[in-house]
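Since the structure comes first, as structure tokens, the remarks are kept for the end.
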Amino acid sequence: MTKNCEIVRIEDRKTIKLVRDIIDLYHKQGGHIGGGASSIQLYYAYMCRDPDSYTDQKYITAVAWLNESKPFRWIAEQYQIPLDRSLFIRRITKTCPGPYLIDFLVDLQEKLKNDGLEVLWTLGFPDHSNATYRKSGFKEIGRTQRSGYPIYVSY
């Protein structure tokens with residue numbers, strides 16, 4: 001884990017609504033209603049303390065909305081991503097200036113790996129550098145057939 005930061009799983013309704021509102025506000029695609037036909041919806045926040053602060057107050061610096069891979073099974077099957085041991089990053093965004101997003105992704109991968117997950121994956125943007133995924137250890141393994149979205153995977 002990055003110094004002064006911790007990954008927190010969000011489970012209460014009120015804070016899940018906050019995370020979804022943050023995603024709707026800050027993510028390029030916003031926060032779509034529903035969950036992409038996924039029965040598993042997981043929300044995580046990156047809680048960090050300002051290293052220059054004299055208090056232990058922590059702030060949400062990034063959030064993630066993950067779901068199971070089944071709604072995208074045609075992509076997962078094509079690229080041998082195990083449906084039962086993988087999660088799909090539906091949305092991820094930072095909430096403040098600073099390099100938090102890369103650290104959050106690295107720490108989230110480690111946490112999920114320790115929890116028994118084999119693959120974390122997502123779709124990038126075809127008109128974007130997607131540097132955040134590459135800098136956090138994800139590899140581009142192909143592109144979607146219809147829209148050409150790059151597919152990023154972390155094993």
Side-chain angles (χ1 to χ4, degrees), residues 1-3 5-11 15-48 60-155:
M1 285 263 158
T2 300
K3 193 175 183 178
C5 296
E6 68 177 317
I7 298 211
V8 176
R9 181 166 171 200
I10 306 300
E11 298 185 76
T15 312
I16 286 172
K17 182 182 179 329
L18 173 64
V19 169
R20 289 183 66 107
D21 287 346
I22 289 170
I23 289 168
D24 195 36
L25 182 63
Y26 291 112
H27 194 276
K28 180 178 178 176
Q29 292 178 306
H32 295 298
I33 296 172
S38 176
S39 61
I40 296 172
Q41 304 287 316
L42 301 173
Y43 298 89
Y44 291 92
Y46 205 40
M47 303 293 294
C48 299
I60 295 175
T61 60
V63 294
W65 170 19
L66 310 178
N67 56 241
E68 66 185 336
S69 298
K70 288 179 186 174
F72 302 99
R73 77 177 138 274
W74 67 91
I75 298 170
E77 290 170 354
Q78 180 180 0
Y79 290 97
Q80 290 81 46
I81 297 169
L83 292 175
D84 59 338
R85 296 178 313 280
S86 66
L87 288 173
F88 179 79
I89 300 173
R90 182 94 173 146
R91 300 284 188 272
I92 189 163
T93 190
K94 66 180 183 173
T95 63
C96 62
Y100 295 105
L101 201 52
I102 293 167
D103 292 341
F104 178 40
L105 272 173
V106 168
D107 291 349
L108 184 61
Q109 290 173 75
E110 186 65 28
K111 184 215 176 316
L112 294 173
K113 180 181 170 186
N114 291 339
D115 291 348
L117 187 76
E118 287 185 23
V119 181
L120 184 61
W121 67 290
T122 194
L123 302 177
F125 292 109
D127 60 343
H128 194 274
S129 72
N130 297 297
T132 299
Y133 294 121
R134 290 194 319 276
K135 288 181 179 181
S136 58
F138 283 72
K139 304 290 182 216
E140 184 177 339
I141 59 168
R143 293 189 171 255
T144 59
Q145 290 178 354
R146 288 189 302 211
S147 58
Y149 284 88
I151 303 162
Y152 286 94
V153 176
S154 172
Y155 295 98

task = Check I16 against E11 and note the closest heavy-atom contact, atom names and distance.
result = CD1-O, 3.7 Å
message = R90 and side chain to side chain contact (heavy atoms under 4.5 Å, CB included): which single residue from L123, L66, N67, I23 fits?
response = N67
query = Side-chain contact, heavy-atom cut-off 4.5 Å: Y44 with L112?
reply = yes
inquiry  = I'd like to know if the side chain of E118 reaches the main chain of D84, judged simply by a donor and an acceptor atom lying under 3.5 Å from each other, with no hydrogens or angles considered.
reply    = no
query = Are the aromatic ring centres of F138 and Y152 under 6.0 angstrom apart?
reply = no
task = Supply the atom-to-atom distance L105 CG to I92 CD1, rounded to the nearest 0.5 angstrom.
result = 3.5 Å
ask   = Do D24 and R20 meet the salt-bridge criterion of a basic N to acidic O distance under 4.0 Å?
value = no
ask   = Looking at I22 and V63, what are the two nearest heavy atoms and their distance?
value = CG2-CG2, 3.9 Å
Distance-only donor-acceptor check, side chains T61 and T95, under 3.5 Å = no
inquiry  = Test side-chain contact (heavy atoms from CB on, under 4.5 Å) on M47 and I60; report intermediate values, then the result.
reply    = CA-CA 5 Å; M47 303 293 294; I60 295 175; 3.3 Å; yes
ask   = Would a 4.5 Å heavy-atom cut-off, applied to side chains only, mark R9 and L42 as touching?
value = yes
ask   = About how many Å separate NZ of K111 and CD1 of I7, when rounded to the nearest 0.5 Å?
value = 7.5 Å
Polar contact flag, side-chain donor to acceptor under 3.5 angstrom, Y46-D107 = yes
query = What are the two closest non-hydrogen atoms of N130 and G124, and how far apart are they?
reply = OD1-CA, 3.3 Å
ask   = How about S136 and Q109: do any of their side-chain heavy atoms sit closer than 4.5 Å?
value = yes
task = Could you please spell out the steps behind the side-chain contact (heavy atoms from CB on, under 4.5 Å) verdict for V153 and I81?
result = CA-CA 9 Å; V153 176; I81 297 169; 4.0 Å; yes
note = In this structure, CD of E110 is separated from CG of L108 (nearest 0.5 Å) by 10.5 Å
ask   = Does the side chain of W121 come under 3.5 Å of the side chain of S154 through a donor N or O and an acceptor N or O?
value = no
key: Which atom of F88 lies closest to which atom of T122, heavy atoms considered   = CE1-CA, 3.6 Å
request  = Determine, step by step, whether W65 and Q41 satisfy the side-chain contact (heavy atoms from CB on, under 4.5 Å) criterion, reporting the C-alpha distance in whole Å, the side-chain angles of both residues, the deciding distance to 0.1 Å, and the verdict.
outcome  = CA-CA 7 Å; W65 170 19; Q41 304 287 316; 2.5 Å; yes
remark   = What one should report as the nearest heavy-atom pair of G142 and Y79 is CA-OH, 3.6 Å
ask   = Rounded to the nearest 0.5 Å, how far apart are OH of Y155 and OG of S86?
value = 10.0 Å
request  = Answer yes or no: is there a donor N or O on one side and an acceptor on the other, between the side chain of K94 and the main chain of G98, under 3.5 Å?
outcome  = yes
inquiry  = Can you tell me how far apart OH (Y100) and SG (C5) are? Round to the nearest 0.5 Å.
reply    = 6.0 Å
key: Nearest heavy atoms of R143 and G148, plus distance in Å   = NH1-O, 2.7 Å
query = What distance do K70 atom NZ and E77 atom CD have between them, rounded to the nearest 0.5 Å?
reply = 11.0 Å
query = For Y149, does its backbone N or O pair with a side-chain atom of T144 as donor and acceptor, under 3.5 Å?
reply = yes
task = With the side chain counted from C-beta on, respond yes when R73 and L83 share a heavy-atom pair under 4.5 Å apart, and no when they do not.
result = yes
